[in-house]
Amino acid sequence: MSFICRFAPSPTGPLHIGGVRTALFNWLLAKKNKGKYYLRIEDTDKVRSKEEFKKQIISSLAWLGIKHDGEEYIQSKNIEKHVAIAEELLKKGFAYKCYCSEEEINQQKEKCKKQGIPYVYNRKWRDAEDLKVPNDVQPVIRFKSKISGNTVIKDLVQGDRNISNSTIEDFVILRKDKSPTYQLSATVDDHEMKISHIIRGDDHMINSFKQKQIYEAMKWEVPEFAHIPLIHSENGKKLSKRDNASTLEDYIKIGIMPDALRNYLLRLGWSYKDKEIFSKQESIDLFNLEGVGKSPSKLDMSRIYSINETYIKTIDENELFKYLKEYALNYQKPFDQSKEMTILKSLGFLKNKAKTLHDIWKNSQYIIRNKIDIGSEEKKLINQLSTKIIGDFISQYEKLDKPSRENLELIIKSLINNYKTNFKNVGQPLRIGLIGSKFGPGIYDIILSLNKDEVIKRLKDLL
RNA sequence: GGUCCCAUCGUCUAUCGGUUAGGACACAUGGUUUUCAUCCAUGAAAGAGGGGUUCGAUUCCCCUUGGGACCGCCA
């Protein structure tokens, strides 16, 4: 059996985290089964579709490492075909022209609202040979949904889903301006692209019942369906654009790495035994639809941070630096070239205190900045004793040929002895002088990561 | 409101009739450590409720409760 999957976003906004997961699952299933994964841009909403969103979606997916096969498919380029199918359905008696004006429909909706009953189109023009066709109304074409019987979808995630056909209204497939609607376009394109598995959010369940009827009317082979549960925000509702971490960009901005997000999204609603960390290859090998749960899952930021932290600590440092550089370039300031080597060499300890690229970037600021700003809290900690200690430290440090952890340790120990004090009273003033904060990397790491002149200069500034 | 669906620690989940209900994140405590962290150890934490079926139910069925999705000439 061949696996041809697709992800079909509409370019009406930035890519949503739920959409990212849908794309991921489609891609994973296609790759696992050596099939194809296509990207289709559903831009038939002429008003809301924007070129910039299309570009953003494509680049977001590229950032995550989800590459589609072939060129991206632009739905609007196939409109003529969609219209032709609408005409064909009309000719074959599976669709009909509806001359209800928008006012008429709105009136009906109002009426239903008043009576407190749900609105369903009344199928007025379904079998209307004797109705007089108004000449001031452009008709829409509606699909003639089945009135009796049931439709069953053998959903690969949800199991058998059964719905009474009477609950499906005669949906519009061609608007009054002769443009196709989603139900039609998506179905025609899925058929033309020979999509074998449609994996999409659970919010499309009803659409699948509608679209299945179109497949059957056209005598097309019906694809397999899998409706994956939606991702809910931390307060349990469907994720909306208002949630502050809902677009991919939101995560990139705070310094989440692509593999970490991929891993998080994979494990959200899917599991494989007790395994938590999956390399890209492992996720392809191990992914399956059977492991996808049926209930929606809530987004958990602390989990995202935690997985990101794991990746920061385990990936190759050159690769990590690549991500860090990109992050700095896009969301902070590009690194000064002369500082790059120092940062790369210091990554070993900078990354130990970081959950995000932003944290690493923050930790590396003392290397980047030439002038150290000392916080007001920290200034209070610099007293007579500490300036004396720093002074002593400088004179001993200056004499060192080549500073090393060992000889630095000797100096610090002698200072502790001479001043009959503890490490804290020696280390803290030094840290404040060198990085401006009492929090930060280990003092030896700091000193060794900076030039000897720079260390002396910074410490003298403190005196 | 109508239709459909879901239900194990706070969160993501394991269990596919017999388990001291397991793991991970978060949380708490202790230890290591030169600060903050890391790291290590330990702990607290769950089968929504009620009926069945069964020798035995978290697991199968029904009801209740709670939660969700859909209900556009948007996609």
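A note on names: the letters A, B, ... follow the listed sequences, proteins ahead of strands, and every chain is numbered from 1.
- Heavy atoms of H232(A) sit under 4.0 angstrom from primed sugar atoms or phosphate atoms, though from no base atom.
- For the pair R142(A) and F171(A), the cation does not sit on the ring face, since its NZ or CZ is not both under 6.0 Å from the ring centre and inside 45° of the axis.
- Here H204(A) counts as stacked on A75(B): its ring centre is under 5.5 angstrom from the base ring centre and the planes meet at under 30°.
- On the C1' atoms, A28(B) is 33 Å away from U65(B), given to the nearest whole Å.
- As judged by a 4.0 angstrom heavy-atom cut-off over every strand, S179(A) is placed among residues making no nucleic acid contact.
- When the P atom is used for both A14(B) and C9(B), the distance is 12 Å, rounded to whole Å.
- Across the interface with RNA chain B, nearest-nucleotide mapping of T167(A) and Y182(A) shows T167(A) to be the residue nearer the 5′ end.
- Distance alone, capped at 3.5 Å, places no donor-acceptor pair between the T12(A) side chain and the S49(A) backbone.
- In a base pair of the Watson-Crick type (N1 to N3 plus N6-O4 or O6-N4) or a G-U wobble (N1-O2 and O6-N3), with each distance short of 3.5 Å, U65(B) is matched with A7(B).
- The closest side-chain heavy-atom distance from S346(A) to S449(A) is below 4.5 Å.
- Residues Y96(A) and W125(A) place their aromatic rings such that the two centres sit no closer than 6.0 Å.
- Ion pairing between K91(A) and E88(A) fails under the 4.0 Å rule for side-chain N and carboxylate O.
- Distance noted for atom P between G30(B) and A37(B): 14 Å (whole Å).
- Distance alone, capped at 3.5 Å, places no donor-acceptor pair between the R405(A) side chain and the L448(A) backbone.
- Nucleotide U15(B) forms no Watson-Crick or G-U wobble pair with any nucleotide shown, as no partner meets the under 3.5 Å limit on both distances.
- For the pair K353(A) and F349(A), the cation-pi criterion (under 6.0 Å, within 45° of the ring axis) is not fulfilled.
- Within 6.0 Å of NZ in K146(A) there are more than 12 heavy atoms belonging to other residues, nucleotides or ligands.
- Taking atom P on both A7(B) and C63(B), the two are 15 Å apart, rounded to the nearest angstrom.
- Atom NZ of K294(A) is separated from atom C1' of U8(B) by 16 Å (rounded to the nearest Å).
- Across the P atoms, C39(B) and U59(B) are found 38 Å apart, a figure rounded to whole Å.
- Between the C1' atoms of A41(B) and U58(B), the separation comes to 31 Å (whole Å).
- The shortest heavy-atom contact between S283(A) and L266(A) is CB-CD2, 3.5 Å.
- Residue G293(A) is the one, among G293(A) and V137(A), whose nearest nucleotide of RNA chain B lies closer to the 5' end (criterion: closest heavy atom).
- Rounded to an integer number of Å, the gap from M205(A) CE to C4(B) C1' is 8 Å.
- Ring-centre distance between Y38(A) and W27(A): not below the 6.0 Å cut-off.
- Nucleic acid contact class of N207(A) (heavy atoms, under 4.0 Å, all strands): base.
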Inset, instruction - Summarise how protein sits on nucleotides 24-43 of chain B as a single string, 5' to 3': B when a protein heavy atom is under 4.0 Å from the base, S for sugar-phosphate-only contact, - for no contact. - result: BSS-------BBBBS-----

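- With respect to the salt-bridge test (charged N to carboxylate O, under 4.0 angstrom), the residues R40(A) and D190(A) qualify.
- For the C1' atoms, the distance from A21(B) to C62(B) is 25 Å, rounded to whole Å.
- Of the candidate nucleotides A75(B), C73(B), C6(B), C73(B) has the atom lying nearest to any side-chain atom of V172(A).
- U35(B): no Watson-Crick or G-U partner with both key distances under 3.5 Å is found in any strand.
- Nearest nucleotide to the S295(A) side chain, out of A75(B), C6(B), U11(B): C6(B).
- Not one side-chain nitrogen or oxygen of T12(A) sits closer than 4.0 Å to the OP1 or OP2 atom of A75(B).
- For the segment residues 149-164 of chain A, residues with any heavy atom less than 4.0 angstrom from an atom of RNA chain B are, sorted by number, R161(A), N162(A), I163(A).
- Pair check for C27(B) finds G43(B); Watson-Crick or G-U wobble, both atom distances under 3.5 Å.
- Pairing for U59(B) is absent, with no Watson-Crick or G-U wobble pair whose two atom distances lie under 3.5 Å.
- Using a 4.0 Å heavy-atom cutoff across all strands shown, E234(A) reaches no nucleic acid atom at all.
- Taking atom C1' in both C60(B) and U3(B), one finds a spacing of 26 Å when rounded to whole Å.
- Atom-to-atom, NZ of K275(A) to P of C12(B) comes out at 21 Å; the value is rounded to the nearest Å.
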